[in-house]
Amino acid sequence: MANEISNLITFNTYKFERGGLLVDMFNQFNARVGDQGTELAIQWETSKTETKINLKERGLHFFGTGSVGQYLEKLQDGTGFKMSADASTVEWEDKDEAGSLDDGITVVKLPKQFFPQKGIFFGYFGLKDRQGNIFTSVNVWFRVLGGVPTMGAAIPYFVTEFDEVLERCNGKIVDALAELREKYQAEVKKNEDMSAETRAALSKLADAVGAIQAQIDAGNVVTLKKHNEDITKLSGQISNTLSKMNLNMNTKYATLDDIQKALPDGAEGLFVLDNGHRAVFRNSKWIDGGIFQAAGPNPKNFWATYHFAVSKLLDVTKRNLITYDNLAINTYLNNDTGDYLPNIVGYDATDYIAVKPNTAYHLHPGWLKPDKALDKNSHIVTFYNQNFEYLNKYYADTLNFTIPQDACYLRVAFPIKEVGTLSLQMGTQYDWTKNPPELQIKPEAIGDIESSVNNLLNVTMPFSLNYGLDDSGNLSVKNNFSTYDFINLKGAKQLSFSTSPARIAFFDQNYACLSVVDYPDNGTAVPINAVYIRVQYNNEQMEQQSDNGNFLQISPTAFLKEPSNGREVLKNVLVEDYHQPKVHLSDALNQWLLGRKFPIGFLGDSTTEGDNTSAWTDDNQHIKQDQAAGGIGKVNYVNPTSYSYLTQQLLRQRTGNDAPEIYNMGWSGTSMFWMIQHFDEVFNNAYSDVRMIGIEYGINDRNDYGNRDVLAQTYRYDLIRLIQMLYDRGIQPFIITSQAIWNHQADGTRDVLNTVTLTTLINRIKKEVAREYHLELIDMQEVGDLIAKYSSVGWNSFNNGILHFKDLGHQAEARYIYGKLTDELETVESGSILSYLSQRVLSKVVYGDNLQTADNDFKYTVSLNTSGKQLLQQFSVMNPHPQALQLTAYCSTPDGQTVEVDGITYQITSNEQAITKLESGPHIIRVFNDATKTTTNWLGFKLK
């Protein structure tokens, strides 16, 4: 058949992946333009063996579609062309398969619109099955140059290259085609000459694909069409079943035995037993369906809609129903409508909590003694029906109350000092003094065993007031002490404590006591078989945690499960999802120059907050301001002598507007682990709009890990965890090395707060993580190291002696960060020249045509027109050398110019004038004209 058809064109989709096809179209093209009816015949092949596609067996037919007109440009990804707006669309399809012949041949008479005499046709030729699914398709274009028509297949980039070759061939179409054809055939030949190993692998893959295709043909593989049919059928069945379901909750039966006796043959509906579990009829009997949970949005309130009013009926009656992850902050409840009353400082309110009608509940802050009643009006409980419609309220002046008949949900508003301790539980008030709890909570009831950063001590856990631990780990009456009952250790190998407990006891999986430790230190080892822990605190500590919000914490510092496993999981997530930064520091500058808001935050400890600078007045200044405002992250803290504020001012000077905003997110005494625990608080409030975060944490992190060995294992993990949390919130992280410190003494037995450990462990890990996850890095330690060793200024002028920079130190850091953030920092040395030819010079004047070549070291002379005071030059420079560099200024004629170096002004009085010495570290140099003059001149600077 193929031999009987003239001008047969072969499309081999396998070979097209390795090189395209270039075809002369004299006969077909000219015939269709003249409408003489000449057919376009294509033979379709696949695989390297040139297997002909069996069109009739597969039910395949030809289709063509595309655009005709002028092309504007080649697409950057090489997939085709951007056509002009007036390009027309052409389509044709051989739906009756009249042109589908044997040997994989399709013969069609395309409309003449496919063959333009001007411009191009660009589109696709391919094969479809009878259901309209595309079996294969090939990029195709037609082009006429000098009356010679040509078709390209699978060569989307050909047109531009054709023009270039044509020009080299002086317009001779035949020569151009020959050169291009030779080039592409050579490319095909090169790709066909693959190694034997690769060819064998491809052959094996082709066989596998053939086997899969055979299964599809035999009906052993579900096709997309069959899948869609099944989905449609299943959706109909689900909709039909749901329409018949009775979803009203039935709480009539107390136990499985009761419902089995009453409804032995089953019944439709939702049945919830007294223990909060569903009863499910399956295999001719009623079985326990697990804890019932329901959720639904509040139609009237945004907060509830956002949280979907997650409700739970719990199986442990002594378990707190209040969760603290979705409180309405500084909010009370309207006693007439049940709605939130915002901006009520000192109170927080819960979201909807599911409760059972006609059931006793009690409300109690854990820090109160059992016989002490709540203050009337300080706690309000509001009730709602199943549609979240307000019913009535109850002022909790007694501990116990009963849910109204029609109530399905309640909310509670309470003083903020009770956050984390207020308890809402089913049943009447538990008498802790008579019946100390022996709950033996199962591991899964406490939390995620795989968790690596969560606080082991959940403040909503029950505890025994005025009970402590005896020498065998048993609860015993102890006035002025309280004990948290069995806490799952979650695989921890060592423990750290925010507040050291008076006593802890370890237990195995059978709750047998293994050991008792009095006043445990950070880094306390967990016995190898320990699964649970009891913890005894004095009541003063318990009172303090509710009064000031500094909740007790027990943190795992290492894990029985290999730490690298958890790190690898995070690494894989980061590499897959965040392999390249989505935002760069330069993007921030671009936005600021346009006057747009793009906040950046520096996240760290006291070295970030600015302790010991002149504007710093008190220990924990940021935390105290937060507490006064109602919680962590409530205050946009400002210290005008800290490097964050100084950097902001330099950037505003650079952009000429107030758009640059740098947040000081430093909290004295805190660590990266603390930040992970308070992450939502920090980023839900004053810093909710931050776009980029520089992570500086590292100096205080020794407190969370106990010793250098554990620090090395876990600091990297926590850093990656924080990076992931930032990415998940849409914030781009970057890394800042921890500020240089000067302490060479061992920190007790831990040996972690010293210069060597900070350099070789903390900052090394930061640099590794920055490289591994392609994060931008600002090496803050580099600045401190230079200043420490080579500054001529007395060291106490820069630093308080060991840890905290004073004003001069923060000023140097700000200049360095400014240079890195703008990418304008230029490294200088002896012999450097700073001039208008410098690639990072800034200037507010136009010197273009006035920059004339001259025989001097600056290679030009310049005369400038000015209007008022204008910036002639600005340089951000870094002297990384031990020696100070003499800065000398040059002009043609002194006429009132001034030079500023790090904010200090020098008047120019001669055409060559020594200004000052640039010591080791970063500097900013600026030059201004005399504002009273309309012309001036300036050359630049030399350093020696």
Side-chain angles (χ1 to χ4, degrees), residues 316-324 362-375 379 399 414-425 427-441 445-447 454-489 495-507 511 513 515-522 524 530 532-555:
V316 181
T317 59
K318 298 301 181 287
R319 190 164 170 183
N320 191 0
L321 298 179
I322 296 176
T323 60
Y324 292 95
H362 68 270
L363 191 67
H364 188 70
W367 54 273
L368 283 179
K369 292 184 178 180
D371 57 350
K372 183 177 180 181
L374 301 173
D375 295 332
H379 300 72
L399 298 177
F414 55 93
I416 60 173
K417 72 175 184 177
E418 296 171 10
V419 171
T421 64
L422 185 67
S423 169
L424 173 66
Q425 298 178 0
T428 56
Q429 171 61 27
Y430 194 78
D431 191 341
W432 302 94
T433 60
K434 295 181 180 178
N435 300 295
E438 295 284 350
L439 297 181
Q440 296 191 355
I441 300 174
I446 295 295
N454 290 339
N455 181 11
L456 293 180
L457 178 56
N458 184 331
V459 293
T460 65
M461 293 177 184
F463 60 88
S464 301
L465 189 69
N466 290 328
Y467 273 78
L469 297 173
D470 63 19
D471 293 340
S472 299
N474 298 315
L475 287 173
S476 62
V477 176
K478 283 189 178 182
N479 291 331
N480 300 320
F481 287 94
S482 294
T483 299
Y484 282 96
D485 212 4
F486 295 105
I487 299 171
N488 182 2
L489 286 165
L495 299 177
S496 293
F497 308 91
S498 62
T499 302
S500 181
R503 172 172 278 194
I504 59 175
F506 294 102
F507 299 82
Y511 302 95
C513 184
S515 62
V516 176
V517 181
D518 290 328
Y519 299 102
D521 295 325
N522 284 338
T524 294
Y532 305 104
I533 186 176
R534 277 176 164 169
V535 185
Q536 170 189 314
Y537 286 99
N538 64 54
N539 286 346
E540 182 179 354
Q541 292 171 324
M542 303 291 283
E543 291 275 0
Q544 287 176 350
Q545 77 159 341
S546 59
D547 286 341
N548 59 28
N550 291 329
F551 300 127
L552 305 172
Q553 298 171 357
I554 305 174
S555 307

- Message: Test of understanding: with salt bridge (Lys or Arg N to Asp or Glu O under 4.0 Å), list the residues that count as partners of D521, not counting sequence neighbours.
- Response: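 If we apply the salt bridge (Lys or Arg N to Asp or Glu O under 4.0 Å) test to D521, skipping adjacent residues, there are no hits.
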
- Can you check whether L469's main-chain N or O pairs, donor with acceptor, with Q536's side chain at less than 3.5 Å?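 Checking the backbone N and O of L469 against the side chain of Q536, a donor-acceptor pair under 3.5 Å is found.
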
- Message: Looking at R534 and G473, would you say the former's side chain and the latter's main chain have a donor-acceptor pair under 3.5 Å?
- Response: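 The answer is yes, because a donor-acceptor pair under 3.5 Å joins these two groups.
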
- Message: Run V477 and Y467 through side-chain contact (heavy atoms from CB on, under 4.5 Å) and show every step you take.
- Response: CA-CA 5 Å; V477 176; Y467 273 78; 3.6 Å; yes

- Return the minimal non-hydrogen interatomic distance between S472 and V516, and the atom names on each side.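 Looking at all heavy atoms of both residues, the closest pair is C-CG2, 4.4 Å.
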
- Indicate the atoms forming the closest heavy-atom contact of P501 with P520, along with that distance.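 Looking at all heavy atoms of both residues, the shortest contact is O-CD, 3.5 Å.
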
- Taking the six-membered ring for Trp, is the centroid-to-centroid distance between Y532 and Y511 below 6.0 Å?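 Y532 vs Y511: aromatic centres under 6.0 Å.
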
- Query: When rounded to the nearest 0.5 angstrom, what is the spacing between OG in S515 and CG in D471?
  - Reply: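 Here the rounded value is 12.0 Å.
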
- Item | Spacing of OH belonging to Y519 relative to OG belonging to S500, to within rounding of 0.5 Å |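 Output value for this atom pair is 8.5 Å.
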
- Query: Less than 4.5 Å apart, any side-chain heavy atom of F506 and any of L495?
  - Reply: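 Yes - at least one pair of side-chain heavy atoms lies under 4.5 Å apart.
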
- Item | Pairing of D470 and R503 as salt bridge, 4.0 angstrom limit |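 Salt bridge absent between D470 and R503.
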
- Message: Just to verify, which of I487, D518, V535 counts as forming a side-chain contact (heavy atoms from CB on, under 4.5 Å) with I504?
- Response: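 Testing each of I487, D518, V535 against I504, the sole residue satisfying side-chain contact (heavy atoms from CB on, under 4.5 Å) is V535.
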
